[in-house]
Amino acid sequence: MSTVVNIVIYGIIMGGVYGLISMGLTLQYGVGKILNVSHGEFLMLSAMTSCVLVKAGVHPLLTFVICLPAAFIVGFILNMTLYRWLRNFSKDEATFESNAMLMSFGLYFILANIGLKIWGTLSKSYQFYSYPVKILGATIIVNRLIGLGIAIVFIIAFFIFLNKTRLGKAIRATSQSTTAAAMMGVRINKTMAICFGTGGLLAAAAGILIGMSFSPTAQIGLTNTVIALIVVVLGGMGSIPGAVLGGLLIGLVGQAVSFFDTSLVTVAYYLMIIILLLIRPKGLLGR
Amino acid sequence: MSRKSLARMSIALLLAITLVIGLISGCAGKTDTGKPSESNKPAESGKPAETQSGEYPDKDPNKTHIKISAVRPLSGANVSFEYYNYGPVYRMWVDEVNAAGGIRVKEYGNRKLLIDLVVYDDTSDVGVMTDLLIKTMTQDNVDFVLSPCSTASLQAAAPIFDQYGYLMIGAEGGGTDTRPLYDQYENIFFTTSFSVHQVPKMAEIFNELGVKKVFITYMQDAHGLEYLGTTEEEFPKYDLEFEAVAAPWDFADMTPIITQAMESGADAFVAYCYPPWNSSLISTAISMGYNPDVFLVGPGGSQQSFYDEAGGDAINGLMFEGAWSVNSGPAFKDFAERIAEYYKDDPNWGPEWWGTAGYWGAMEMLQIAIEETGTLDNDVIAEYLHNNAIETSLGTMRFENHELTVDSWAGMIGQYIDGVAEVIDVGPKRTHDPLYPKPAWPAK
């Protein structure tokens, strides 16, 4: 019984974090048509920076105030410069999409090596509510529960932002049709840059949660990008609710398989993707 | 802006990005050799070499330096090995040799020749490493080439060293997987202790301590499977029961592993994993209040910085594969102090208690072999290394069947006791009695 409770609770916890990472990636792709391979590096930089800040005496929750705006600004500037130029140079949307992905590979190498140069390969960690509580017989570490709570707050806030604010409506309009949105007065470049920045911000938030609960290294970026890609494909490219649902599923499956054979987790992920691509290629909530 | 100028700008931008990537990842770049601070101070090239009496003929009176190159992971995933393990050793060795005036080589008029070191960055990529290795062996006119990093690199490098006539003295890496190379390549040497040396000692210690059951998590790769295989052979000799669970491929939540370890009822926990996994296992165990009597981790555990970062005093009693200690003898203490002094300006650096002493001994062995044979001929030096026990500052060291003998190492299993890395092997190499059971993690 406790094993099942463990799987469900930790599955939901990991699902929340995966959902957060994937929402950012799917937003960047859905609106800007940028499959951002460097997405996980934003997470890594944030996770490592937050650990360093906490070690320097900053409260873990305060690191959100520092890392999130920084990630947003970096993402915003990258989009307003590199990706905007690339968009101007690309003869059509398909060319831009492939060029943008190549550019994000370049960014991945740059950011990953910056992380390695600064922190090497050793882990960083700190203790924050690092003690267990018993829930229905399962041993759950409190900081994981705090992480889940924060992830849920971010997810809800993001949904409200998308659905209730003027900017959110502009983002949704841009994701449906750039041309039509532009004709309605939406400032496309700025909207895309905000989406890219927000994607970075969400990855940074996930990074801080990972730093709070685990021992991140400068090498975790690519792993999390791959997980986010799996989640996004599972949930449906460009679908925000799909990213949350996909994150939850991956979290639950990952934990369930971990309890039986940890080494088969990645196999299980890809098996899910293969099955899904065969029966529903657009993903669970893809359009 | 016209389409044409946009295209030009696009090309310029891509070239700029490529350049930046190249610069940052150090692709095929020639780099400094030195330690972080005054690292690459060139050897005093203008200084005339010391000349002895004319009893030794001089092959080349113009030769002032022994040229040595290395292809090392100055960037990428393996950079920490360069930073903590072999890097500090060969850099300090070169500086100390040069400070002492060089290495005396009889075939060059018994003059002392300084060392001229050049290091290339393989970006932690085996393919880049092999390319650079061939480049340096064919174009740099070097006398010796130092070891690349990692078992995979050593496996790929051995045939290249052999083909171009260089001897290879391995540093980080090696294991049962590299043993088949011994029959194919005569002039290769390995200096790192591994599973077949460490696991028997571990079993001996566990038996002495009265451990009954061990929970093991392992990487499902050459390293983890090799250690697990040796465990399957060694633990039954002492009736040690064990339960083994594979670690995830990627960095992940370690809660399921620690949960299984708790449920196993084992009194010892062993991780044949890499630093990020080991660190995460420790922090998850602390968080979940999992307190086995023994907690032993593999690679990374021997780095003092790992210990400090993973908890320091809070994880007092952590065991690791290795091992040597400042208490292994005055020479080891002196070596530890010298290397600490060498890196004193780098607050992130800390000593490494697994291979470092062996690597240092191997550098001295090379130096002594050059002086004794009086030549820079790699074949002659390799033959000397194969056939002689050599008195180094860290004791008598000897290669037997391409590996350092067990006696050449200061120990196999270490434990941090009050912040000091100690050797806890059963027998005369022990520097401190094992701390058993390890102190409980501090309560939250």
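Excluded from the calculations below are hydrogen atoms, water molecules and symmetry mates; all remaining heavy atoms, backbone and side chain alike, are included.
With respect to Arg72(B) and Glu82(B), a salt bridge is recorded, a charged nitrogen being found less than 4.0 Å from a carboxylate O. The pair Lys124(A)-Glu309(B) meets the salt-bridge criterion, since a charged nitrogen lies less than 4.0 angstrom from a carboxylate oxygen.
Looking at Gln220(B), the atoms closer than 4.5 Å to chain A (heavy atoms on both sides) all sit in the side chain, from C-beta outward. There is no contact between Ile258(B) and chain A, counting heavy-atom distances below 4.5 Å. Proximity to chain B (any heavy atom under 4.5 Å) is restricted, for Tyr10(A), to the side chain, taken from C-beta onward. For Phe81(B), no part lies near chain A; criterion is any non-hydrogen pair under 4.5 Å. With a 4.5 Å cut-off on non-hydrogen atoms, Thr266(A) touches chain B through its side chain but not through its backbone.
Not less than 6.0 angstrom separates the ring centroid of His39(A) from the ring centroid of Tyr108(A). A distance below 6.0 Å separates the ring centres of Phe320(B) and Tyr416(B). For Phe306(B) and Trp353(B), the distance between ring centers is not under 6.0 angstrom.
Heavy-atom pairs under 4.5 Å with chain A were tallied for Ile282(B), Thr259(B), Val245(B); the largest tally goes to Thr259(B).
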